[in-house]
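Presented below is the structure to which this report refers.
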Amino acid sequence: MIIKNARFYQNGKLANKDIQIEGGSISAIGSFKGKGIDASGLFVFPGLIDPHVHLRDPGLTQKEDFHSGTRAALRGGFTTVLDMPNTIPPTTTKKALLEKRKIAGKKAVCDYGLHFGATKDNFSEVEAAKPPSLKLYMGESTGSLQVGSYAAMEKHFSTFPKDKPIILHAEDADTIKSMEAAGLGRGPMAERIAVLKANEAAQKAKRVIYFAHTTTAEAASLAKSRRDSLVEVSPHHLFLSTDKDLRYLRRRSNVYPPLRTEAQRTALWKMLPRVDTVGSDHAPHTLEDKAAGAAGFPGLETSLSLFLDAYNKSILPLPWIVERMAQNPARIFNLKKKGQIAKGFDADFTLVDLREEWTVRGRDLESRCGWTPFEGFRLKGRVKKVILRGNLVVDDSKIVDEVKGEEVL
Ligand code: DOR
Ligand code: ZN
């Protein structure tokens, strides 16, 4: 198979070439005869990677499962997703990981990885399961998964292999408790304290840590004061704020960490050059659960388009998207054959029309939750085709084929 007239970034420069695919991998880049998929008028990304999604399977499949969630991924332009461990049961034992692996093997239609969860005492399970990454909740979030103490966090920092990342939900448990008791909600102070504590412990343990969904410029720059600390941002903290969007989000606005003020949102934009990745933090809940206070937003099907729209408004360069949504996640999470358009890499591609405008509608999405915090947003830039290991799975913005997703290790 050949992708004809592909416009993409090759070694930092815009190229217009054909891409030849054999056996699911990129076999050559150049100029080739023969028929293929015509990419004229489209821009080609390496298949995008979302390092932060909650696919809810097992245990919460009324919200999402590996099938609906990976369909949402493809539709949103992601060929690989990394799933979070706060399922039921949580992915904190070898047994739970093997069980989730089995389910994902049956249902997933894009490639995936499975993050493992850290608890106060599951050190032998982590060692037995040998997961590629570890997620550590420093404070309370959806479900009961938490590391429980700074002593346990430090022990995980020193025992988990140094060549694999530890992902942090950085909100300090005690600060959350006292702020909430004082009626102050989960302010940025909980995040700031968690970042400081985690950085200090990571420095002692000499290890890489990865801050998920960083919400303020202050937290991001504190995190980045250390070389081996990586920073992820999520679309909702960049495109929604408490001043601007609470009125229409109403009872759906809850998310951890919370949306911040408009001033904090715009300050976070200024940090984007130093940010390492985008994670959608796709955290679907039913509307019923949202009305009862559940925290989290679906994000897989809007993440890329929001950034393409920002590109169209000249506030974000295209290479930033390539790096933060493909290249860097692949490097950080050791996905050796993903994230680049180069010979030998998996033939995963996300083809977008940079000019097409569309309106976000919850009812049109693949996600089982059926709503979006970006309802009614008019976005310029849309996923048109997705190719997963050489298979055309999205065409004309719709899913046209399903192939078995593979676990990336
Ligand atoms: O808002 C959130 N929702 N924050 C999290 O940390 C977890 C997520 C979920 O799983 O619902
Ligand atoms: Zn999350």
Side-chain angles (χ1 to χ4, degrees), residues 48 50-56 63-64 69 72-73 76-78 81-82 84 86 141-142 167 169-171 185-188 190-191 211-217 219-220 231-272 275-287 289-290 293-310 313 315-316 321 324-325 329 360-362 365 367 369-379 381:
L48 299 183
D50 192 334
H52 190 156
V53 304
H54 299 261
L55 298 189
R56 307 296 194 205
K63 299 176 196 267
E64 198 78 287
F78 297 96
V81 293
L82 306 182
M84 285 297 169
N86 61 339
S141 191
T142 303
I167 305 157
H169 180 117
E171 286 186 286
R186 296 166 71 122
E191 192 172 344
F211 290 102
H213 43 48
T214 309
T215 71
T216 63
V231 167
E232 172 195 270
V233 286
S234 301
H236 43 280
H237 298 121
L238 288 167
F239 294 94
L240 302 173
S241 73
T242 49
D243 312 61
K244 201 162 67 62
D245 302 294
L246 279 198
R247 186 165 310 186
Y248 86 89
L249 285 170
R250 284 179 296 174
R251 292 207 297 170
R252 302 177 187 178
S253 64
N254 199 18
V255 64
Y256 302 147
L259 299 181
R260 304 301 188 198
T261 63
E262 187 59 15
Q264 285 163 330
R265 182 186 80 84
T266 50
L268 184 60
W269 271 87
K270 303 226 160 63
M271 280 300 293
L272 290 191
V275 156
D276 297 283
T277 65
V278 169
S280 75
D281 196 8
H282 178 76
H285 293 286
T286 61
L287 282 176
D289 294 342
K290 285 303 286 179
F297 298 145
L300 274 167
E301 293 168 82
T302 42
S303 184
L304 174 59
S305 264
L306 286 162
F307 290 107
L308 295 179
D309 190 66
K313 292 181 170 127
I315 48 178
L316 201 67
I321 303 178
R324 276 60 177 194
M325 299 181 81
V360 180
R361 293 287 173 215
L365 301 179
S367 172
C369 73
W371 70 280
T372 161
F374 304 103
E375 183 70 33
F377 276 44
R378 184 97 187 133
L379 300 177

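FYI, side chains are in, hydrogens and waters are out, and symmetry mates aren't considered; it's all heavy atoms of this structure.
- Remark: side-chain polar atoms of H237 are paired, donor with acceptor, to backbone N or O of P257 under 3.5 angstrom.
- A distance-only check finds a donor-acceptor pair linking the side chain of H285 to the backbone of A295 [under 3.5 Å].
- A distance-only check finds a donor-acceptor pair linking the side chain of E232 to the backbone of H213 [under 3.5 Å].
- With hydrogens and angles disregarded, no donor-acceptor distance shorter than 3.5 Å links the side chain of T286 to the backbone of K63.
- With sequence neighbours excluded, no residue forms a salt bridge (Lys or Arg N to Asp or Glu O under 4.0 Å) with R251.
- Listed for the K290 side chain is a donor-acceptor partner under 3.5 Å among the backbone atoms of N254.
- V233 pairs with exactly one of L238, D276, T277, T215 by the side-chain contact (heavy atoms from CB on, under 4.5 Å) rule, that one being L238.
- Between Y248 and F377, the ring planes lie tilted relative to each other; the angle falls in the 30° to 60° range.
- Counting heavy atoms from C-beta on, the side chains of L304 and I321 come closer than 4.5 Å.
- Side-chain contact between L379 and F239 is absent, with no heavy-atom pair separated by less than 4.5 Å.
- Partners of K244 according to the side-chain contact (heavy atoms from CB on, under 4.5 Å) rule, which considers only residues two or more places apart in sequence or in another chain, are S241, E262, R265.
- For the 3.5 Å distance criterion, the side chains of T372 and E301 fail to qualify, holding no donor opposite an acceptor.
- What you find for W269 and A310 is that their closest heavy atoms are CH2-CB, 3.8 Å.
- Taking 4.5 Å as the limit, every side-chain heavy atom of L82 sits out of range of all side-chain heavy atoms of I167.
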(request) Would you sort out whether K313 and D309 count as a side chain to side chain contact (heavy atoms under 4.5 Å, CB included), showing the intermediate values? (result) CA-CA 6 Å; K313 292 181 170 127; D309 190 66; 2.5 Å; yes
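- Under the side-chain hydrogen bond (donor to acceptor under 3.5 Å, both in side chains) criterion, S280 pairs with D50, sequence neighbours left out.
- Counting heavy atoms from C-beta outward, E64 and S367 have side chains that approach closer than 4.5 Å.
- Side chain of R186 to main chain of P258: no donor-acceptor pair is present (N/O by atom type, distance under 3.5 Å, no hydrogens or angles).
- Heavy-atom minimum distance, L300 versus F78: O-CE1, 3.4 Å.
- When atom types are taken as modelled, the side chain of T216 and the backbone of A219 share a donor-acceptor pair closer than 3.5 angstrom.
- For the atom pair F297 CZ and L249 CG, the distance stands at 5.5 Å (nearest 0.5 Å).
- We find the CD1-CG distance between I315 and L272 to be 9.0 Å, quoted to the nearest 0.5 Å.
- Separation of atoms OG (S234) and CG (L240) is listed at 11.5 Å; rounding is to 0.5 Å.
- Side chains of P235 and T302 form no contact here, defined as non-hydrogen atoms less than 4.5 Å apart.
- Between H282 and S303 the shortest side-chain heavy-atom distance does not fall below 4.5 Å.
- Heavy-atom neighbours of R378 CZ from other residues, nucleotides or ligands within 6.0 Å: above the threshold of 12.
- Side chains of D281 and H54 form a contact here, defined as non-hydrogen atoms less than 4.5 Å apart.
- Considering NE2 of H169 and CD of E191, their distance stands at 8.0 Å, rounded to 0.5 Å.
- Residues V275 and R324 come closest through the heavy atom pair O-NE, 2.8 Å.
- Put simply, the side chain of E375 gets close to the backbone of G362: a donor and an acceptor are under 3.5 Å apart.
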